[in-house]
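Below, chains carry the letters A, B, ... as their sequence lines are ordered, and counting in each starts from 1.
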Protein chains: 2
Amino acid sequence: MQTVRSDTRHHDLPAPCQNCAARHLGICGVLTADQLSELTKTTRHVRRPAGEELLADAMPIASYANVLAGVVKLSKVLEDGRQQLVGLQFAPDLLGRPFATQSRVSAEAASDVDLCIIPKPALENLLRESAALEHRLMMQALRELDEARDWMVTLGRKSAAEKVASFLYLIATHLGPSEGEPETTFDLPLSRADIGDFLGLTVETVSRQMSRLRVEGVIEIENFRHVTVPDLARLRLRCG
Amino acid sequence: MQTVRSDTRHHDLPAPCQNCAARHLGICGVLTADQLSELTKTTRHVRRPAGEELLADAMPIASYANVLAGVVKLSKVLEDGRQQLVGLQFAPDLLGRPFATQSRVSAEAASDVDLCIIPKPALENLLRESAALEHRLMMQALRELDEARDWMVTLGRKSAAEKVASFLYLIATHLGPSEGEPETTFDLPLSRADIGDFLGLTVETVSRQMSRLRVEGVIEIENFRHVTVPDLARLRLRCG
DNA sequence: CGCAGGATTGAATCCACTCAAGGTATGTGG
DNA sequence: CCACATACCTTGAGTGGATTCAATCCTGCG
């Protein structure tokens, strides 16, 4: 593959980056090959099983991580244990709040995830020299802000039925490989309990509403997790 | 006043900026006197009465604006009219989403507001040459993201009583002049209807919960809008 | 005054929650 | 292979908190 940008002088694209999801769409897409080579000396790939805690609320942050595959859920909990999901991160998002000394959310692997761990100083050094990188991070923050605000409408103003439909619609339009085309059949990345925490509902309510959508023919469910949406526009109508 | 930074060469600080809320805490704090002088040629101060629409959802953005005084509410509406507030902006926040061609929210003056209108091209030119400015905007976006996520917990997981207490607590801690010290007595910047749209509740429920806090001695209410919190810690306990 | 807009209060309804039971897949050890 | 355990999901019955609908009450203002 010689599609590497011509600012490479001595070295090619680092091996682990060759087929990386973050290379073009993620933050690494704005780095020169030199910067990337330098960064790669400090990064390492890891795989984390579903359910593992990646980042604890109020804990100091030691590193950032690129999400390469899988889904990460961000959540907040009240003292008495009530939990609310406040974000989902897909590849190639960067996990970890820039410029914060400690996390304000906890992060957990929703599915098995592949991460590219980047030590905090390494990323922050790079940030100091690359305005393009900072710009890229800002765009991610703005996108997350837009998503959070859409979600607030769902949390504050929609019925349980509309919430569940909205969630399914969100997943269908987010899981597509090209971000543009929605998937019509997919595995849910979250359990019913997680979906409840996402939507501000109980497990039972989520289950009931999914059953209702199923008997009404809006969705098909196989093996609890696998969902097919025969008519996306019909699902869209249920979103309020 | 000769506390102007020494990078001034021919001109002093532009007159309208002398006592401006945005000069030090807002985005103008990261500009040199020269940049500020240049920018000032294109900006203008305006006052907008409470209730006026400043920015419509899905409309093209012609300009940004610094909030100099007052409170701006950001909201989203569903097709059938249900409304949800998704943000509040105080001085010296910048109003308007950077790098977007059209707004994703509508903005309305919650109180009478003073704005410093900045034409879109003027700000974007400056952004191109000032990494510090972009950094400043990123910090605002990240702060708004943190706030949105806190709010999501309130919307999704708190009872009506806790929501209202949380709102009052938020206002008490946000209206302070120095951002650090909370105010113990203040005017609510929002009507009961707006508070309902903020919290995902109806007007009636907001009113009932405020009455309950009043009879229980957690707050005092004068003339509907003016609230006194004798014991902030006691209010904090009600936030869940 | 009398009106308008916002706020409060009351009564009845309904949606989502709680509590409880039962169902379905997966894995483990006898 | 079957029995059992476990985790997750579904379904049902009853309750309660927030909504809806309606009436009333302030307060400012022409």
Side-chain angles (χ1 to χ4, degrees), chain A residues 49-52 73 78 80-84 108 110-112 154-168 187-216 219-227 238 240, chain B residues 49-51 73 78 80-84 108 110-111 154-168 187-216 219-227 238 240:
Chain A
E52 186 149 313
K73 56 188 204 214
L78 263 24
D80 63 4
R82 280 175 288 177
Q83 185 169 187
Q84 175 67 50
E108 187 181 319
S111 61
D112 293 351
T154 301
L155 284 172
R157 287 304 184 195
K158 291 189 185 177
S159 69
E162 292 167 333
K163 284 181 178 180
V164 171
S166 301
F167 169 73
L168 293 171
D187 278 320
L188 291 176
L190 300 182
S191 70
R192 300 291 188 272
D194 285 336
I195 297 173
D197 285 341
F198 184 100
L199 297 171
L201 298 173
T202 58
V203 192
E204 295 94 328
T205 300
V206 173
S207 185
R208 272 185 256 272
Q209 297 302 335
M210 300 227 358
S211 296
R212 210 158 80 83
L213 288 174
R214 178 172 46 72
V215 302
E216 289 175 352
I219 60 173
E220 290 150 29
I221 305 178
E222 241 177 296
N223 228 331
F224 303 124
R225 281 292 184 112
H226 193 79
V227 172
R238 306 300 187 102
Chain B
K73 56 187 206 213
L78 264 24
D80 62 2
R82 280 175 288 176
Q83 185 169 186
Q84 175 68 49
E108 187 180 319
S111 61
T154 301
L155 284 172
R157 287 303 184 197
K158 291 189 185 176
S159 69
E162 291 168 334
K163 283 181 178 181
V164 171
S166 302
F167 169 74
L168 293 171
D187 277 321
L188 291 176
L190 301 182
S191 70
R192 299 291 188 272
D194 285 336
I195 298 173
D197 285 341
F198 184 100
L199 297 171
L201 298 173
T202 59
V203 192
E204 294 94 328
T205 301
V206 173
S207 185
R208 274 185 255 271
Q209 297 301 335
M210 299 226 359
S211 296
R212 211 158 79 83
L213 288 174
R214 178 172 47 71
V215 302
E216 289 175 353
I219 60 173
E220 290 151 31
I221 305 179
E222 242 176 295
N223 229 333
F224 303 124
R225 282 292 184 113
H226 192 79
V227 172
R238 307 298 188 104

Pick one: which of A/Thr154, A/Leu201, A/Val206, A/Ile195 meets side-chain contact (heavy atoms from CB on, under 4.5 Å) with A/Phe167? A/Ile195

Answer with base, sugar-phosphate or nothing: what part of the nucleic acid does A/Ser191 contact at a heavy-atom distance below 4.0 Å? sugar-phosphate

Treating A/Glu162 as the side-chain partner and A/Ser159 as the backbone partner, does any N or O pair qualify as donor plus acceptor under 3.5 Å? yes

Atom CD of A/Glu222: over 12 foreign heavy atoms under 6.0 Å: no

Hey, is CZ on B/Arg82 packed in by over 12 heavy atoms from elsewhere, all under 6.0 Å? yes

Verify, without hydrogens or angle tests, whether A/Arg214 (side chain) and A/Ile219 (backbone) share a donor-acceptor contact under 3.5 angstrom. no

Answer with yes or no whether A/Arg208 presents, from its side chain, a donor or acceptor under 3.5 Å of a partner atom in the base of D/dG12. yes

With DNA chain D as reference, determine whether A/Ala193 or B/Thr205 sits nearer its 5' end, using the nearest nucleotide of each. A/Ala193

Could you give the CD1-to-P distance, from B/Ile221 to D/dC26, as a whole number of Å? 15 Å

Starting at CZ of B/Arg225 and ending at P of C/dG5, how long is that distance when rounded to a whole Å? 16 Å

So for A/Glu204 and C/dC19, does any side-chain atom that can act as donor or acceptor lie under 3.5 Å from a complementary atom in the base? yes

How many Å lie between CG on B/Leu201 and P on C/dT8, as a whole number? 14 Å

Spacing of A/Arg192 atom CZ relative to C/dT24 atom C1', expressed in whole Å: 12 Å

Between A/Asn223 and D/dC8, is there a contact of a side-chain N or O with OP1 or OP2 at under 4.0 Å? no

At under 4.0 Å between heavy atoms, what does A/Gly200 touch on the DNA or RNA strands: base, sugar-phosphate, or nothing? sugar-phosphate

Separation of B/Asp197 atom CG from D/dT19 atom P, in whole Å? 11 Å

Rounded distance in Å - CE (B/Met210) to P (C/dG6): 16 Å

A/Phe224 vs A/Ser159, nearer the 5' end of DNA chain C by closest nucleotide: A/Ser159

Heavy atoms only, 4.0 Å cut-off, all strands: where does B/Arg212 land among base, sugar-phosphate and nothing? nothing

Base, sugar-phosphate, or nothing: which does A/Ser211 touch, judged by heavy atoms less than 4.0 Å apart? sugar-phosphate

Ignoring backbone atoms, establish whether A/Arg214 has a side-chain N or O less than 4.0 Å from OP1 or OP2 of D/dT11. yes

Side-chain N or O of B/Thr202 closer than 4.0 Å to phosphate OP1/OP2 of D/dT19: yes

Using atom CD1 of B/Ile195 as one end and atom P of C/dG6 as the other, report the distance to the nearest whole Å. 13 Å

